[in-house]
Amino acid sequence: MAATKGKTFIVEHLDEELGPWSELEYLAIAKETQATNGTFILSSLPEGFQVPTDLRSNDAFSAEHRGVEELYAANKARVCLLDPAASKDLSPGDGEAFDAFLFGGILGDDPPRDRTSELRKKGFEGRRLGPKQMTTDTAVRVTRIVVQDKVPLDQVPYLDFPELKFNLHESTQMPFRYVSDESGNPIMPEGMKELIQNDADKSVNDLF
């Protein structure tokens, strides 16, 4: 029996370059999307944008210089924008209503800068993921759990503002909502904790 085809997850990249934080997030999205038979598109990439080798070699991933409005010009109604300002929350039924789920740039800004506003102007129907700010990979993960696994948004196992402990004397509190694993730890991209520890003197925004 063939595996069920997963959804398409699109991140409209809104920066000229790819910072280390975003690179780890995109790799995590690509790996999880591939494991669940979906597609991950990074769109609106500027000319000359360097896609990391690990990302480029992932079968679920594709890089696009075109924007989402061009990619889905013929079936715009099948694209859902994950929008903190939307009037409706994402629900399992949206898996039937939409084929693609669109995320704007860096969702993990702290404080949020409403970078989704540029996509909102393009008229895509929006859904909320709740009141707490999420990193981009977490937002994609939650969306997939809801629309593919059919878990209601309020039943996803969340962990808000976790403290990362590096040793007896060093720790930092993350200002985001995460999905928790079976051990109650935040699901984060591979290498993210080390990146945060190594750049402890920088703000979270500097790592994007």
Side-chain angles (χ1 to χ4, degrees), residues 1-14 25-44 58-64 66-108 112 114-159 176-182 187 189:
M1 183 176 172
T4 303
K5 181 173 172 55
K7 295 295 184 180
T8 296
F9 303 98
I10 308 165
V11 174
E12 188 97 336
H13 190 79
L14 300 177
E25 289 195 328
Y26 293 166
L27 283 169
I29 294 169
K31 289 176 182 177
E32 292 181 19
T33 303
Q34 183 177 28
T36 54
N37 301 302
T39 302
F40 171 37
I41 299 173
L42 207 53
S43 60
S44 287
N58 184 288
D59 291 339
F61 173 79
S62 63
E64 276 284 355
R66 293 176 295 173
V68 67
E69 72 275 19
E70 185 178 351
L71 291 171
Y72 280 84
N75 49 359
K76 188 175 179 179
R78 299 296 294 178
V79 179
C80 174
L81 173 64
L82 280 303
D83 183 359
S87 59
K88 293 176 65 176
D89 285 344
L90 188 72
S91 70
D94 289 322
E96 279 68 56
F98 301 103
D99 300 318
F101 295 84
L102 173 62
F103 305 82
I106 298 168
L107 291 172
D114 193 20
R115 303 183 74 170
T116 310
S117 61
E118 294 303 311
L119 295 172
R120 189 181 303 129
K121 294 173 186 175
K122 297 175 181 178
F124 294 103
E125 188 168 349
R127 293 289 187 273
R128 290 174 72 244
L129 288 176
K132 299 285 198 310
Q133 181 77 352
M134 297 178 184
T135 59
T136 306
D137 65 299
T138 300
V140 174
R141 187 173 298 114
V142 170
T143 300
R144 188 179 60 253
I145 290 170
V146 174
V147 301
Q148 288 186 198
D149 300 341
K150 305 301 183 185
V151 176
L153 191 61
D154 60 359
Q155 293 181 26
V156 176
Y158 296 118
L159 186 61
F176 307 118
R177 164 171 279 186
Y178 292 88
V179 176
S180 67
D181 63 18
E182 293 178 354
I187 298 176

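Computed from a predicted model, the values in this text were never measured in an experiment.
Note: Thr36 OG1 to Lys31 NZ = 14.0 Å, rounded to the nearest 0.5 Å. Rounded to the nearest 0.5 Å, atoms CG (Leu129) and CG (Leu90) are 6.0 Å apart. Interatomic distance, CG of Asn58 versus OH of Tyr26, reported as 14.5 Å (0.5 Å rounding). Here the straight-line distance linking atom OG1 of Thr143 with atom NZ of Lys7 works out to 12.0 Å at 0.5 Å rounding. For the atom pair Asp89 CG and Asp154 CG, the distance stands at 9.0 Å (nearest 0.5 Å). Note: Arg177 CZ to Met134 CE = 5.5 Å, rounded to the nearest 0.5 Å.
Between Phe40 and the options Phe103, Phe101, Phe61, a ring-ring contact (aromatic ring centres under 6.0 Å, His included) holds for only Phe61. Remark: of the listed residues Glu70, Glu12, His13, Glu12 is the sole one forming a side chain to side chain donor-acceptor pair (under 3.5 Å) with Ser44.
Summarising the geometry of Ala28 relative to Pro189, their closest heavy-atom pair is CB-CB, 3.9 Å, with the distance given to 0.1 Å. Across every non-hydrogen atom of Gly38 and Ala60, the tightest pair is O-CB, 3.6 Å. The nearest pair of heavy atoms linking Ile10 to Ser43 is CG2-OG, 3.5 Å.
Geometrically, Lys76 engages Phe124 in a cation-pi contact, judged by NZ or CZ lying under 6.0 Å from the ring centre and within 45° of the ring axis.
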Q: Step by step, work out the side chain to side chain contact (heavy atoms under 4.5 Å, CB included) result for Val179 and Val142.
A: CA-CA 7 Å; Val179 176; Val142 170; 3.5 Å; yes

Q: Take Phe98 and Glu125 through the side chain to side chain contact (heavy atoms under 4.5 Å, CB included) test and state the conclusion after the steps.
A: CA-CA 10 Å; Phe98 301 103; Glu125 188 168 349; 3.8 Å; yes

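Contacts classified as salt bridge (charged side-chain N to carboxylate O under 4.0 Å, His left out) and involving residues 137-151 (residues at least two apart or in different chains) are given here: Glu32-Arg141, Glu32-Arg144, Glu96-Lys150, Asp137-Arg141.
For the pair Leu153 and Ser91, the minimum side-chain heavy-atom distance is 4.5 Å or more. Asp94 is not listed as a side-chain neighbour of Val146, based on a closest heavy-atom distance of 4.5 Å or more.
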